[in-house]
Amino acid sequence: MAHTVSNHPSRLPVAQTTVLALPSSSQGKDLRPRWTALDSLLCGAFAGAVAKTVIAPLDRTKIIFQVSSNRFSAKEAFRIIYCTYMKDGLLSLWRGNSATMVRVMPYAAIQFCSHEQYKKRLGGYYGYQGKALPPFPRFLAGSLAGTTAAMLTYPLDMVRARMAVTAKEMYSNIMHVFVRISQEEGVKTLYRGFTPTILGVIPYAGITFFTYETLKKLHTEKTKRPQPYPYERLAFGACAGLIGQSASYPLDVVRRRMQTAGVTGSSYGTILGTMREIVTQEGVIHGLYKGLSMNWLKGPVAVGISFTTFDIMHSLLLKLHQMSYFTH
């Protein structure tokens, strides 16, 4: 045995080298592909862009009704869409969508990214790190994510609303809106309607994320599958959007009235004053809930597409990270 080893001195060192080169279990965990904040930002931006572009004509029509005293009906809504198409062409149905993209991409990126971060923070605080959060932290994570995104991108929402309800001649592009509002109405006008926006975002984002995460959790418990299929994600997102938008819709009407007061000739100054005037002139259902049925059509579709796109992009990027890791 000793003679064999002495004739082949290289064998033992090679074996030792091989053993020493193997990473420990703790090192293996550190070297696994990680999901970063940048990944969340990219997935969120793409998800928001896809969802909003799909429903842009319906969204623009809803805003037109929200800022006017005309009674909403599905027939009248589609008449507006048809007349706009006949008068200005197909692309006119997406007027203001450039402003929507400038707003919704950072908004969705910040919202989805911050939601991931808030889930981690709250999970660590409540002792649920890496697990599904209990109901209240789940709602809180969604509300905080929506509030963070709205606070950082609000002026872009104001610009988008102005472009949606005005003719092309009034505002030629996004920068033109910023310049005219600042010069003619003051910089503060860019934040008109900010308070009802935040008050509306808290229940909307909280309920939407809460519902989607809850449905995914229940699905996993029932089917024992770690991830739902794309059509199931779409259905979960649609339910989440339907419930969330219905709960916060009156505040959405109020913020649109306040945002567009400078171009509609109205004088909406406060939340309660705006609500009182809407209810007095148009009633509760036909005023504060004007266009809600349109929202029931476009809202669930948009939220469903958004959540589904985010989750699919999330899985795709993780696979790309794994491929890159194993290649190296």
**Request:** Determine, stepwise, if the pair Val104 / Met101 fulfils side-chain contact (heavy atoms from CB on, under 4.5 Å).
**Result:** CA-CA 5 Å; Val104 82; Met101 291 299 99; 3.7 Å; yes
**Message:** Is there a continuous path of hydrophobic side-chain contacts, each under 4.5 Å between heavy atoms, that joins Leu317 to Ile312?
**Reply:** no
**Asked** His115 vs Phe209 aromatic rings, parallel, tilted or perpendicular, using cut-offs 30° and 60°?
**Response** parallel
**Heavy-atom closest contact (Leu215 atom, Cys239 atom, distance)** = CD1-CB, 4.0 Å
**Non-hydrogen side-chain atoms of Pro134 and Pro137 separated by less than 4.5 Å** = yes
**Message:** So does Val50 get a backbone contact from the side chain of Thr53, meaning a donor-acceptor N/O pair under 3.5 Å?
**Reply:** no
**Asked** So Arg103 and Val159, side-chain contact (heavy atoms from CB on, under 4.5 Å) or not? Walk me through it.
**Response** CA-CA 9 Å; Arg103 168 193 169 264; Val159 169; over 6 Å; no
**Prompt:** Between Arg192 and Gln259, what is the shortest heavy-atom contact and its length?
**Reply:** O-CG, 3.6 Å
**Request:** Verify, without hydrogens or angle tests, whether Arg138 (side chain) and Leu133 (backbone) share a donor-acceptor contact under 3.5 angstrom.
**Result:** yes
**For Gly44 against Phe310, the heavy-atom pair lying closest together** = N-CD1, 3.6 Å
**Request:** Indicate the atoms forming the closest heavy-atom contact of Lys290 with Val253, along with that distance.
**Result:** O-CG2, 4.2 Å
**Aromatic plane relationship, Tyr191 with Tyr154 - under 30° parallel, 30 to 60° tilted, over 60° perpendicular** = parallel
**Request:** Would you indicate whether the side-chain heavy atoms of Lys216 and Asp311 approach each other to under 4.5 Å?
**Result:** yes
**Request:** Given salt bridge (Lys or Arg N to Asp or Glu O under 4.0 Å), test Asp157 with Arg256 step by step and report yes or no.
**Result:** CA-CA 10 Å; Asp157 188 46; Arg256 291 303 184 199; 3.4 Å; yes
**Message:** Let me confirm one number: the CE-CD1 distance from Met151 to Ile110, rounded to the nearest 0.5 Å.
**Reply:** 11.0 Å
**Request:** Verify the cluster assignment for Tyr107 and Phe178: are they in a single hydrophobic cluster under the rule of side-chain heavy atoms below 4.5 Å apart?
**Result:** no
**Glu232 side-chain N/O to Tyr229 backbone N/O, donor-acceptor pair under 3.5 Å** = yes
**Asked** Got more than 12 heavy atoms from elsewhere within 6.0 Å of CG, Leu91?
**Response** no
**Message:** If you apply the rule side-chain contact (heavy atoms from CB on, under 4.5 Å), what do you find for Leu288 with Glu282, and how did you get there?
**Reply:** CA-CA 8 Å; Leu288 293 178; Glu282 304 165 49; over 6 Å; no
**Prompt:** How about Arg60 and Ile63: do any of their side-chain heavy atoms sit closer than 4.5 Å?
**Reply:** no
**Item:** Expected output: side-chain Thr308 to main-chain Ile305 donor-acceptor under 3.5 Å
**Value:** no
**Item:** Shared hydrophobic cluster, Val187 / Phe194 (ILVMFWY, side-chain heavy atoms < 4.5 Å)
**Value:** yes
**Asked** Near Tyr126 OH, under 6.0 Å, is it more than 12 heavy atoms from other residues, nucleotides or ligands?
**Response** yes
**Request:** State whether the side chain of Ser143 and the backbone N or O of Ile202 hold a donor-acceptor pair below 3.5 Å, judged by distance alone.
**Result:** yes
**Fill in**
When rounded to the nearest 0.5 Å, the distance separating CD of Gln111 from CG of Leu144 is 11.5 Å
**Request:** Apply salt bridge (Lys or Arg N to Asp or Glu O under 4.0 Å) to the pair Glu221 and Lys217, showing each step before the final yes or no.
**Result:** CA-CA 6 Å; Glu221 292 174 352; Lys217 179 176 179 290; 2.7 Å; yes
**Asked** Is the side chain of Ser306 donor-acceptor paired with the backbone N or O of Ala302 at a distance under 3.5 Å, no angle test?
**Response** no
**Message:** Classify the ring geometry of Phe139 against Phe210: parallel below 30°, tilted from 30° to 60°, perpendicular beyond 60°.
**Reply:** perpendicular
**Asked** Taking C-beta and beyond as the side chain, do Leu152 and Pro106 meet within less than 4.5 Å on heavy atoms?
**Response** no
**Message:** Can a donor-acceptor pair be found, under 3.5 Å and without considering hydrogens, that links the side chain of Arg162 to the backbone of Val177?
**Reply:** no
**Message:** To the nearest 0.5 Å, what is the distance between OH on Tyr212 and CD1 on Ile243?
**Reply:** 14.0 Å
**Message:** Side-chain heavy atoms nearer than 4.5 Å, only ILVMFWY residues, links allowed to pass through others: does that put Leu122 and Phe136 together?
**Reply:** yes
**Heavy-atom pair of closest approach, residues Asn173 and His176** = OD1-N, 2.8 Å
**Asked** Would Phe307 and Phe112 count as a close aromatic pair, with their ring centres under 6.0 Å?
**Response** yes
**Prompt:** What distance separates Arg225 CZ from His219 NE2, expressed to the nearest 0.5 Å?
**Reply:** 3.5 Å
**Request:** Taking atom types as modelled, find out whether Gln183 and Arg180 have a side-chain donor-acceptor pair closer than 3.5 angstrom.
**Result:** no
**Item:** Tyr249 backbone acceptor or donor facing Tyr204 side chain under 3.5 Å
**Value:** no
**Prompt:** Backbone N or O of Leu156 within a donor-acceptor pair of the Thr153 side chain at under 3.5 Å?
**Reply:** no
**Prompt:** Between Tyr118 and Arg121, is there a cation-pi geometry (under 6.0 Å to ring centre, at most 45° from the normal)?
**Reply:** no
**Item:** Rounded distance [0.5 Å steps], CD in Gln245 versus CG in Leu242
**Value:** 8.5 Å
**Request:** Give, for atom CG of Leu199 and atom CD1 of Ile271, the distance between the pair rounded to the nearest 0.5 Å.
**Result:** 5.0 Å
**Message:** As a quick check of understanding, evaluate salt bridge (Lys or Arg N to Asp or Glu O under 4.0 Å) for Lys62 and Glu76, giving each step before the final call.
**Reply:** CA-CA 11 Å; Lys62 183 204 72 172; Glu76 183 65 16; over 6 Å; no
**Prompt:** Would the number of heavy atoms belonging to other residues, nucleotides or ligands and lying under 6.0 Å from CE of Met170 be above 12?
**Reply:** yes
**Request:** Could you tell me whether a side-chain N or O of Ser92 sits under 3.5 Å from a main-chain N or O of Thr84, the two making a donor and an acceptor?
**Result:** yes
**Asked** Under a single-linkage definition using a 4.5 Å side-chain heavy-atom cutoff for Ile, Leu, Val, Met, Phe, Trp and Tyr, are Leu251 and Leu292 assigned to the same hydrophobic cluster?
**Response** yes
**Asked** Does anything in residues 282-302 pair up under ring-ring contact (aromatic ring centres under 6.0 Å, His included), and if so which pairs, sequence neighbours excluded?
**Response** none
**Complete:** Between Ala108 and Gly48 the two heavy atoms that sit nearest each other are CB-CA, 3.7 Å
**Message:** Are there over 12 heavy-atom neighbours, none belonging to Tyr171, within less than 6.0 Å of that residue's OH?
**Reply:** yes
**Message:** Between Ser248 and Val201, is the side-chain contact (heavy atoms from CB on, under 4.5 Å) condition met? List the steps.
**Reply:** CA-CA 7 Å; Ser248 60; Val201 159; over 6 Å; no
